[in-house]
Amino acid sequence: MISRNVNLKAYNTFGMNVTASYFAVFRSVDEITAILHSPEIKNLPLLILGGGSNLLLTKDFDGLVLKNELSGIVPVKTDADTVYVKSAAGEVWHNFVLFTIENNLGGVENLSLIPGSVGAAPMQNIGAYGTEIKDTFYELEAYEIATGQIKTFGLNDCKFGYRESVFKQELKNRYIIISVTFRLTKNPVLNTAYGAINDELQKQGISQPTIRDVSNAVIAIRSSKLPDPKEIGNSGSFFKNPVVLKSHFEKLKQTYADMPSYPVDAEHVKLAAGWLIEKAGWKGKTLGNYGVHKNQALVLVNYGGASGSQIFQLSEDILQSVKSLFDVTLEREVNIL
Ligand code: EPU
């Protein structure tokens with residue numbers, strides 16, 4: 001059940017060629033318990049893997065990699081206009097989105113084609129095109145590693161923020177998410193306010209979009225901007241969009257009149273990290289077999305054979321040049337190991 005010295009290249013979307021000392025797959029909760037009780041892995045560091053799509057592996061992992069392959073998507077409860085759908089955490093996120101579209105249930109269509117698994121989605125409150133997972137989240141079940149107990153977390157327990165949750169903060173490495181239940185609507189109100197979606201629908205001549213039309217528009221936009229990890233190694237946005245003081249933004253705006261910004265609160269605005277990185281001259285930059293994507297400067301890419309430390313160093317260089325040009329500190333979104 002537990003394998004030794006397993007190459008992780010196929011298990012991380014950056015395609016990093018590193019080895020895990022121990023590796024096991026689980027398809028049931030009983031299997032998690034059995035694996036965690038094996039004497040050979042006692043006290044070893046653990047890495048729970050879903051799709052491996054938000055991870056930069058910079059070295060071999062001297063511990064146990066646990067690959068979540070819990071499967072199954074089932075509607076569990078329905079009322080006048082809501083259907084609660086429970087998905088096992090090991091399901092591929094986009095397959096879950098396709099299930100909702102097949103069943104004409106609204107709520108996650110804007111999150112089409114995001115790489116990764118259902119279980120990883122709440123960890124960082126995945127988001128795109130004006131929607132975040134927290135908007136349709138109902139509850140999740142998680143396995144407590146220390147006790148083997150299954151606990152249920154509701155919306156408030158998860159403390160969702162921008163690409164944040166309690167599972168990235170105080171509960172980091174303490175739970176394995178095993179299922180997520182979403183509250184989906186039978187009468188979808190489409191969220192097409194995000195400019196690019198409307199433009200894409202217009203381009204396709206669609207004036208009365210369905211959920212499927214919105215999903216297809218999102219797929220078209222993502223495919224045109226973001227590299228497919230099956231072809232070019234990457235982890236989506238490498239950095240978060242930074243939140244800065246309004247006063248600092250006003251100062252920057254005097255020099256950079258076209259700088260994009262999004263309101264946060266009375267004192268803060270969010271800036272577009274991709275724009276800052278592009279302005280600092282990094283967009284499309286290639287350093288041998290790795291670099292910055294040509295269509296979206298927020299995405300670092302491995303064309304094949306780059307090491308995690310090379311990508312990390314590149315992110316460090318980008319951080320420093322954005323800092324010195326704009327006095328803005330970027331924060332990485334991707335987990336570094
Ligand atoms: N921009 C540039 N140059 C670039 C990239 C972006 O000037 O190279 C500008 C755009 O023109 C636009 C602004 O920056 O004015 C924002 O760009 P975009 O709409 O592409 O979105 P983003 O803020 O760069 C975020 C998410 C993405 C998500 C998109 C769409 C983060 C860190 N990233 O990117 O999420 O798909 O919005 O909603 O919030 C991910 O998290 O992995 C991810 C891909």
Side-chain angles (χ1 to χ4, degrees), residues 12-14 50-56 93-94 97 108-117 120-135 160-165 168 191-200 214-215 217-229 232-244 249 252-253 256-264 269-286 291-301 315 318-319 321-322 325-326 328-335:
N12 72 101
T13 58
F14 249 124
S53 59
N54 202 38
L55 178 67
L56 179 66
W93 170 260
H94 187 58
V97 175
V108 290
E109 58 280 356
N110 290 29
L111 306 179
S112 295
L113 213 62
I114 295 186
S117 65
M123 301 274 297
Q124 56 152 353
N125 184 25
I126 58 168
Y129 309 108
T131 303
E132 289 180 329
I133 197 183
K134 73 165 171 47
D135 304 330
F160 290 125
Y162 168 55
R163 296 299 193 276
E164 277 299 345
S165 80
K168 265 180 98 170
N191 176 3
T192 58
Y194 197 92
I197 295 188
N198 260 332
D199 295 349
E200 182 60 35
V214 173
S215 170
V218 168
I219 290 173
I221 302 164
R222 290 190 74 95
S223 310
S224 70
K225 273 200 190 171
L226 299 166
D228 179 351
I232 302 174
N234 77 90
S235 269
S237 300
F238 199 91
F239 301 98
K240 292 185 187 181
N241 285 329
V243 173
V244 301
F249 166 66
L252 288 170
K253 192 94 182 157
Y256 306 98
D258 59 337
M259 175 180 271
S261 68
Y262 316 94
V264 173
V269 293
K270 195 186 266 184
L271 304 180
W275 187 93
L276 299 171
I277 297 168
E278 177 172 349
K279 272 282 176 265
W282 290 98
K283 191 172 184 173
K285 196 159 189 116
T286 301
V292 180
H293 190 56
K294 62 180 190 328
N295 298 334
Q296 169 48 292
L298 205 41
V299 179
L300 306 190
V301 288
S315 73
I318 291 172
L319 263 165
S321 73
V322 167
L325 195 55
F326 302 105
V328 170
T329 305
L330 294 180
E331 195 187 321
R332 293 179 182 87
E333 192 204 285
V334 168
N335 298 306

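Just the heavy atoms: all of them, side chains too, but no hydrogens, waters or symmetry mates, feed the values below. Atoms within a ligand are numbered from 1 in the order they appear, just like the ligands themselves. Keep in mind that what you see is a predicted model, and the values were worked out from it rather than measured.
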Which residue and atom name correspond to the protein heavy atom nearest [atom], and how close is it?
| atom | answer |
| --- | --- |
| atom 8 (O) of ligand 1 | A297 N, 2.8 Å |
| atom 25 (C) of ligand 1 | N241 ND2, 4.2 Å |
| atom 5 (C) of ligand 1 | Q296 OE1, 2.9 Å |

(request) May I ask you to decide if S235's main-chain N or O and S53's side chain share a donor-acceptor pair within less than 3.5 Å? (result)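 Not at all, since once roles are kept as given, no pair shorter than 3.5 Å links the two residues.
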(request) Report yes or no: does Q124 contribute a side-chain atom to a donor-acceptor pair with the main-chain N or O of I126 at less than 3.5 Å? (result)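 Checking the backbone N and O of I126 against the side chain of Q124, no donor-acceptor pair under 3.5 Å is found.
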Number the atoms of ligand 1 from 1 as they appear, then name those within less than 4.0 Å of a heavy atom of [X], with their elements.
| X | answer |
| --- | --- |
| K225 | 18 (P), 19 (O), 20 (O) |
| G236 | 42 (O) |
| Y162 | 31 (C), 32 (C), 39 (O) |
| S237 | 26 (C), 27 (C), 31 (C), 32 (C), 33 (N), 35 (O), 40 (C), 41 (O), 42 (O), 43 (C), 44 (C) |
| Y129 | 30 (C), 38 (O) |
| R163 | 26 (C), 27 (C), 31 (C), 33 (N), 35 (O), 39 (O), 40 (C), 41 (O), 43 (C) |
| E278 | 2 (C), 3 (N), 4 (C), 7 (O), 8 (O) |
| F239 | 32 (C) |

(request) Tell me, please, which residues at least two apart from F249 pass ring-ring contact (aromatic ring centres under 6.0 Å, His included). (result)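 In terms of ring-ring contact (aromatic ring centres under 6.0 Å, His included), with neighbours along the sequence ignored, F249 is linked to no residue.
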(request) Have a look at Y262, W275, Y194 and point out the one with the heavy atom closest to atom 18 (P) of ligand 1. (result)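 Comparing heavy atoms across Y262, W275, Y194, the nearest one to atom 18 (P) of ligand 1 lies in Y194.
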(message) I'd like the name of whichever of V334, L298, V299 reaches closest to atom 34 (O) of ligand 1 through any heavy atom.
(response)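 Among V334, L298, V299, the closest heavy atom to atom 34 (O) of ligand 1 comes from L298.
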(request) Look up atom 13 (C) of ligand 1 and tell me if a protein heavy atom lies less than 4.0 Å from it? (result)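 Yes, there is a protein heavy atom closer to it than 4.0 Å.
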(message) I'd like to know if R222 contacts ligand 1, where contact means a heavy-atom distance under 4.0 Å to any ligand atom.
(response)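 R222 counts as a contact of ligand 1 under the 4.0 Å cut-off.
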Is the shortest heavy-atom distance from the side chain of [X] to the side chain of [Y] under 4.5 Å?
| X | Y | value |
| --- | --- | --- |
| L226 | N295 | no |
| L319 | R332 | yes |
| V301 | V292 | no |
| L298 | F239 | yes |
| V214 | Y129 | no |
| N241 | R163 | no |

(request) Decide whether an N or O pair under 3.5 Å exists between P260 and ligand 1. (result)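 Such a contact does not occur with ligand 1.
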(message) Does ligand 1 come near enough to K283 that some N or O of the ligand is less than 3.5 Å from an N or O of the residue?
(response)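 Such a contact does occur with ligand 1.
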(message) Is the contact between A272 and ligand 1 made by the side chain, the backbone, both, or neither, using heavy atoms and a 4.0 Å cut-off?
(response)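 The answer is the side chain of A272.
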(message) Working note: F160 + S165, criterion side-chain contact (heavy atoms from CB on, under 4.5 Å); need CA distance, chi angles, decisive distance, verdict.
(response) CA-CA 4 Å; F160 290 125; S165 80; 3.9 Å; yes
Using a 3.5 Å cut-off and no angle test, enumerate the donor-acceptor pairs between side-chain atoms of residues 272-283 and protein atoms at least two apart in sequence or in another chain.
from: E278; atom 1: OE1; to: K283; atom 2: NZ; distance (Å): 3.1
from: W282; atom 1: NE1; to: S321; atom 2: OG; distance (Å): 2.6

